[in-house]
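Presented below is the structure to which this report refers.
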Amino acid sequence: MLSESYDPSSLEGKWQEAWEKRGVFNAPDPDKDPLKRPKYYCLCMFPYPSGEIHMGHLRNYSIGDVVSRYKRMRGFNVMQPIGWDAFGLPAENAAINRGVHPREWTLKNISQMQRDLRLMGIAYDWTREVATCLPEYYRWEQLMFRRFYEQGLAYRKKGHLNWCSNCETVLANEQVHDGKCWRCDGPVTTRDLYQWYLKITLYADQLLKDHEQLKAGWPERVLEMQRHWIGQSEGCRIQFAVENSKDVIEVFTTRPDTLFGVNFVTIAPTHPLIQSLVSDAGVKKIIEMLSDQVKVMDRGKPPEKKEGVFTGSYCVHPITGERVPIWVGNFVLMEYGTGAVMAVPAHDERDYEFAGLYKLPIKVVINPAAGAKAEVGKAFIEAGILVNSGPFTGMKSEEAKSKIGEALEKKGLGERTTQYRLRDWGISRQRYWGSPIPVVYCDDCGVVLVPEKDLPVELPKDVAFTGKGGNPLEKVETFWSVLCPKCGKNARRETDTMDTFVESSWYYARFTSAQYSAGPFEKRAADAWLPVDCYIGGIEHACMHLLYSRFFHKVMRDWGYLSSDEPFQKLLTQGMVIKDGAKMSKSKGNVVSPHAIIEKFGADTGRLFSLFAAPPEKDLDWNEKGVEGCYRFLGRVWRLFYQFHAQLASPAGTPDLSSLSSVLHVIRRKAHWAIQKTTDSIEETKFNTAISAQMELVNEVYLLMARDAKAFESPQGRFVLREAVGVLVQLLAPFAPHLAEELWAAMGNQDFVATSVWPVADPKLLSDDTFLLVIQVNGKVRDRISVARGLEKAQVEALVKELPKIKEQIAGKSIKQFVYVPGRLANVVI
RNA sequence: GCCCAGAUGGCGGAAUUGGUAGACGCGCUGGACUCAAAAUCCAGUUCUCGCAAGGGAGUGAGAGUUCGAUUCUCUCUCUGGGCACCA
């Protein structure tokens with residue numbers, strides 16, 4: 001028995017329970033699906049369990065839920081899992097600030113957020129839930145680390161690293177924002193530490209090339225960002241022998257064609273050869289100064305002005321044999337290329353500026369090609385024709401690039417290579433709350449992997465969190481004091497833990513067989529489910545997470561763990577939730593809690609608004625009035641249904657539909673139009689327009705009700721009404737699933753609307769015999785008439801010319817042209 | 001500085017990809033219902049001139065292509081995001 005007014009609180013919990021009890025959203029593996037449906041793996045980026053769900057989550061999961069509920073109704077075997085990205089710094093900070101153990105804090109947050117997600121009614125397969133902080137999960141990561149190491153894909157090196165003294169942890173370059181720690185905003189200094197690295201650079205080429213496979217499903221701007229992040233450039237490594245020394249300075253250049261224009265070589269202040277090249281103590285000091293500046297630059301800020309100093313040493317030009325002075329420049333980065341550049345001031349802007357600053361010679365070796373022009377007082381950086389370049393004079397830049405490269409290769413003084421901007425991924429973190437790196441250091445044996453049988457290396461529970469003095473694990477002797485697995489002597493366990501991006505690099509694969517206990521995941525299941533068909537999350541992950549997981553996927557493929565090349569077929573990046581012009585955040589005090597919204601209006605309303613207010617990829621402006629509007633719409637649906645629920649409660653029979661009254665015909669057409677529009681909009685991931693189509697359908701029915709209340713009483717009227725309302729309920733099901741389920745049941749259906757078959761529009765009801773012809777004169781709309789389809793241009797022209805309004809316009813003027821677009825408009829050009 | 005994205009009523013946003021600009025929602029105005037209010041239903045709502053019929057302007061600014069431009073091209077301004085002396 002339906003209540004008179006829409007009361008979400010009385011029905012949402014009921015349906016959530018019913019779905020879960022019947023396991024409606026639990027997906028059998030595709031190769032074991034009794035219904036043999038095609039698979040659809042829909043995944044939202046899993047949350048960090050920070051405590052409460054926020055609006056960004058509500059939005060993210062509402063989007064994912066529309067996709068997965070829609071696909072299910074379209075006949076797919078949909079798997080939408082959920083889990084927890086549960087390692088990370090906030091838990092450790094909570095331990096420091098509030099004395100709660102990170103594990104307790106995290107697990108408590110998880111159970112809180114599980115409740116929240118259930119309240120939202122998201123269609124999750126809870127049987128596949130994972131939490132990355134549990135040994136059942138991270139043990140496999142340790143196993144994979146072993147493989148990385150065994151295959152030379154993991155290595156240790158001392159690095160010049162960003163150090164946050166606040167968090168007492170190393171930060172990746174990309175985790176430093178404005179010279180501050182991205183998480184705590186504390187100041188960043190530098191430190192030299194041994195770190196574990198994963199060789200993502202080895203896959204740079206593939207990560208770039210396989211963009212080809214992603215073109216159709218990923219937003220172009222994300223690919224663009226990754227392209228820049230990987231930063232491929234073709235060029236040459238060239239060796240400049242240091243005069244009177246065995247040392248060699250190697251440079252990388254994308255312009256070997258300008259080799260004869262080298263006036264000097266500039267090396268980074270942190271270049272390893274500095275000590276041997278610079279003798280004078282005063283000069284050393286300046287270089288130290290420069291070196292400090294480069295450290296600043298490493299953190300994201302270029303030096304205000306170029307500075308440099310002559311080392312006093314020379315090197316030898318690889319082809320001409322000329323003496324080339326060696327300078328140190330504060331703008332040369334040790335991290336990119338070789339830490340040294342050949343300076344060609346005539347054809348490089350930075351070198352030009354530097355040469356001007358220190359009054360260095362500028363030798364022109366490229367002339368503009370015919371038609372092009374060089375500007376006076378500037379470097380000519382484009383390609384052209386070589387001059388003053390010995391045997392290469394007269395060649396075009398492109399040709400010279402390969403010819404000079406060849407010549408260098410012959411002499412053994414250079415090679416053509418591809419250079420990447422991408423750096424290897426440092427994964428060591430000096431933190432407690434992460435997966436231990438399964439390594440032991442032995443004085444005799446060196447680096448020794450923890451044997452597979454001893455995995456997982458579990459985090460000790462009894463640890464003190466003071467917030468001072470580095471990683472708490474270093475103070476747990478029972479943890480780090482171990483016997484060498486190889487020789488049995490006293491040894492020391494690695495106390496660094498892994499970057500949490502490691503966990504999120506393969507969780508999507510774990511979901512395919514979350515309970516599997518013989519490996520990270522079962523190959524059969526992974527191959528059955530992967531790649532993820534639709535991956536949904538924030539654009540901020542464009543370069544880090546989305547590159548790391550692509551890298552992991554390829555490595556796992558090469559190990560034979562799975563067979564696909566790419567993890568995510570389609571990527572949907574969603575915008576931020578904004579309120580009063582700023583991102584919703586605690587610090588800004590403009591947070592609206594999803595809880596409050598669910599309590600006041602129900603989950604359906606919250607979901608609906610987050611989908612209606614903006615298309616997914618755009619920022620969403622939170623507006624309480626708009627939320628009320630969505631609530632009103634659902635109420636309108638409810639009242640419409642309530643008014644007729646006696647008629648709607650059972651099937652309407654099959655009356656003759658060939659002679660419908662015009663109002664009923666209009667309703668039918670609108671219902672089928674709404675099916676088509678909603679379907680198209682969802683396919684294009686424009687959920688806002690899908691919802692507006694449903695609103696239009698409701699408005700149409702209301703209008704008829706107001707004008708001809710008895711129209712629905714005839715057998716045909718009953719049929720049309722039931723068809724329209726039934727369609728509406730189904731179209732609404734991915735957006736407002738609880739309400740839809742309630743009304744579906746009230747229509748006498750025994751199954752769930754969630755598993756019902758998505759309606760299909762009747763094409764006959766989508767087109768019309770006539771259309772509204774727009775008539776323009778010189779491109780300006782002057783009239784509109786309804787005309788039959790299929791008229792010839794001449795017929796239309798005759799028709800148009802007789803219209804009084806048009807006659808008036810063309811009186812006394814000659815017609816230059818008559819444009820007719822069938823089905824749309826006519827334009828009279830006078 | 002470089003790269004990417006964007007700019008449409010009072011507001012959030014539509015527009016079949018070159019063909020009626022402003023769907024849908026919010027807000028506002030008026031009406032019905034009510035003793036009244038709320039809720040609900042109906043109507044109107046880009047600006048501007050006009051009593052009206054009707055005219056004019058209009059998608060950040062300026063130019064261009066076209067019968068026709070929110071859509072394509074160029075220049076500029078602003079906003080958001082990313083990267084940064086990348087050789």
Side-chain angles (χ1 to χ4, degrees), chain A residues 5 173-174 219-225 227-229 231-233 235-236 251-255 258 266 268 294 297 300-306 329-333 335-344 348-351 353-354 419-422 539-540 542-543 575-576 578 608-609 612-615 617-630 632-633 635-636 639 677 680-681 686 688-696 698-699 702-703 705-707 772-784 805 816-821 823-830:
Chain A
S5 62
N173 276 338
E174 54 264 33
E220 175 52 33
R221 63 175 169 150
V222 173
L223 298 180
E224 186 78 6
M225 281 188 227
R227 232 173 270 138
H228 286 149
W229 193 270
Q232 185 184 56
S233 52
C236 242
V251 305
F252 173 76
T253 180
T254 53
R255 294 293 304 273
T258 64
T266 317
V294 170
M297 187 166 64
K301 273 189 197 153
E304 303 261 307
K305 56 176 191 201
K306 284 191 174 49
N330 65 343
F331 60 95
V332 180
L333 293 172
E335 281 71 23
Y336 182 76
T338 59
V341 298
M342 58 177 221
V344 186
D348 181 279
E349 274 165 7
R350 280 157 309 145
D351 297 341
E353 196 188 329
F354 193 79
Q419 187 75 33
Y420 296 95
R421 181 185 167 278
L422 184 72
I539 184 89
E540 66 272 18
C543 287
M576 291 181 297
I578 304 281
L608 197 68
F609 176 73
F612 179 60
E617 69 278 7
K618 279 210 182 179
D619 286 349
L620 180 142
D621 203 348
W622 191 266
N623 171 312
E624 184 94 7
K625 287 285 182 190
V627 180
E628 281 175 32
C630 286
R632 227 172 303 176
F633 168 64
R636 228 164 122 80
R639 285 189 298 276
K677 178 77 185 168
D680 292 346
S681 294
K686 289 179 174 175
N688 51 338
T689 53
I691 294 166
S692 73
Q694 294 162 30
M695 287 173 168
E696 282 193 54
V698 171
N699 290 347
Y702 262 86
L703 259 188
M705 245 159 60
R707 286 179 191 158
L772 192 68
L773 177 73
V774 173
I775 300 144
Q776 300 179 330
V777 176
N778 281 357
K780 289 203 178 213
V781 179
R782 294 297 175 186
D783 205 354
R784 303 173 170 104
K805 283 181 192 167
K816 265 170 47 187
Q817 197 186 343
F818 183 82
V819 181
Y820 175 53
V821 183
R824 286 205 198 288
L825 61 64
N827 189 9
V828 188
V829 186
I830 55 173

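Sequence lines set the chain letters: A, B, ... in the order given, protein chains first and strands last, and positions in each chain run from 1. Just so it is clear, the model here is predicted, and its values are computed rather than measured.
- Shortest non-hydrogen contact noted between A:F252 and A:T338 is N-OG1, 3.6 Å.
- Using a 4.5 Å heavy-atom cutoff, the side chains of A:K780 and A:N778 are not in contact.
- Comparing B:C24 with B:C41, their P atoms sit 15 Å apart, to the nearest whole Å.
- Per the geometry, CZ belonging to A:F609 stands 11 Å off P belonging to B:C26, to the nearest Å.
- When the P atom of B:U40 is taken as reference, atom CD of A:E628 falls 10 Å away, rounded to whole Å.
- Using N1 to N3 plus N6-O4 or O6-N4 for Watson-Crick, or N1-O2 and O6-N3 for G-U wobble, each under 3.5 Å, B:G50 pairs with nothing.
- Between A:Q232 atom CD and B:C86 atom C1' the separation is 13 Å, expressed in whole Å.
- Residues forming a side chain to side chain donor-acceptor pair (under 3.5 Å) with A:Q232 (at least two apart in sequence, or on another chain): A:Y420.
- In this structure, A:V332 and A:G339 approach most closely via the heavy-atom pair CG1-O, 3.6 Å.
- One atom, CG of A:N330, and another, P of B:C86, lie 12 Å apart when rounded to the nearest Å.
- Contact check for A:M342 versus A:D351: no side-chain heavy atoms found under the 4.5 Å cut-off.
- Distance from the side chain of A:F252 is smallest for B:A87 among the nucleotides B:A87, B:G19, B:G13.
- Straight-line distance between the C1' atoms of B:A43 and B:A36: roughly 23 Å, to the nearest whole Å.
- Against the 90° criterion about 0, the sugar-base torsion of B:G30 places it in the anti range.
- Across all strands, A:D351 comes closer than 4.0 Å to no nucleic acid atom at all (heavy-atom distances).
- B:U17 adopts a syn glycosidic conformation, its chi angle falling within 90° of 0.
- When both pairing distances are held under 3.5 Å, B:A14 makes no Watson-Crick or G-U pair with any nucleotide shown.
- Annotation for A:N827 and A:G779: closest pair OD1-N, 3.0 Å, computed over non-hydrogen atoms.
- In this structure, A:V341 reaches the bases: a heavy-atom distance under 4.0 Å links it to at least one base atom across the strands shown.
- Atoms CZ (A:R639) and P (B:C33) sit 19 Å apart, rounded to a whole Å.
- Contact check for A:H228 versus A:M225: no side-chain heavy atoms found under the 4.5 Å cut-off.
- With both pairing distances under 3.5 Å, B:G80 is matched to B:C4 as a Watson-Crick or G-U wobble pair.
- Dashed line: the shortest gap from a side-chain N or O of A:R350 to OP1 or OP2 of B:C86 is under 4.0 Å.
- Residues forming a ring pair (Phe, Tyr, Trp, His ring centres under 6.0 Å) with A:F612 (at least two apart in sequence, or on another chain): none.
- A donor-acceptor pair under 3.5 Å links the side-chain atoms of A:R421 to the main chain of A:W229, judged by distance alone.
- Heavy-atom minimum distance, A:A614 versus A:L620: CB-CA, 4.3 Å.
- Rounded to whole Å, the separation between the C1' atoms of B:A21 and B:A57 comes to 13 Å.
- Side-chain atoms of A:D619 come within 3.5 Å of backbone atoms of A:M576 as a donor-acceptor pair (strictly under, hydrogens ignored).
- Here A:L773 contributes atom CG and A:Y820 contributes atom OH; the two are 6.0 Å apart, rounded to the nearest 0.5 Å.
- Pair check for B:G58 finds none; no Watson-Crick or G-U wobble contact set falls under 3.5 Å.
- Between the side chain of A:R782 and the base of B:U20, no donor-acceptor pair under 3.5 Å is found.
- Separation of the C1' atoms belonging to B:G81 and B:C72 is 26 Å when rounded to the nearest angstrom.
- Taking each heavy atom of A:P615 and A:N688 in turn, the nearest pair found is CD-ND2, 3.4 Å.
- B:A38 and B:G31 have their P atoms separated by 13 Å, given to the nearest Å.
- Nucleotide B:A21 holds its C1' atom 11 Å from the CZ atom of A:R784, rounded to whole Å.
- Not counting sequence neighbours, the partners of A:T689 by the side chain to side chain donor-acceptor pair (under 3.5 Å) test are A:S681.
- If you take atom C1' in B:U77 and the same atom in B:A63, they sit 15 Å apart, rounded to whole Å.
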For nucleotides 22-25 of chain B, print each protein N/O atom paired with a nucleotide N/O atom at under 3.5 Å, atom names and distance only.
residue, atom, partner, partner atom, Å
B:A23, O2', A:E696, OE2, 2.8
B:G25, OP1, A:N699, ND2, 3.2

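- Taking the C1' atoms as reference points, B:U59 lies 10 Å from B:G9, given to the whole Å.
- Separating the P atom of B:A7 from that of B:U71 is a span of 11 Å, rounded to the nearest Å.
- Between A:K780 and B:A57 there is a side-chain N or O to OP1 or OP2 distance below 4.0 Å.
- Of all heavy-atom pairs between A:V777 and A:R782, the closest is CG2-CG, 3.7 Å.
- If you check B:C33 for Watson-Crick or wobble pairing at under 3.5 angstrom, you find it has no partner at all.
- Using a 4.0 Å heavy-atom distance criterion, A:F633 is classed as making no nucleic acid contact.
- A:D783 places its CG atom 10 Å from the P atom of B:G55, with the value rounded to the nearest Å.
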Distances under 3.5 Å only, N/O to N/O: pair up the protein atoms with those of nucleotides 43-47 of chain B.
residue, atom, partner, partner atom, Å
B:A43, OP1, A:R707, NH2, 2.9

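- Sequence order on RNA chain B of the closest nucleotides to A:N778 and A:M342 puts A:N778 first from the 5' end.
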All N/O pairs under 3.5 Å across the protein-nucleotides 2-6 of chain B interface:
residue, atom, partner, partner atom, Å
B:C3, O2', A:H228, ND1, 3.3

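- Atom OH in A:Y420 sits roughly 19 Å away from atom C1' in B:C83 (whole-Å rounding).
- In this entry B:C28 has B:G44 as its Watson-Crick or G-U wobble partner, both defining distances falling under 3.5 Å.
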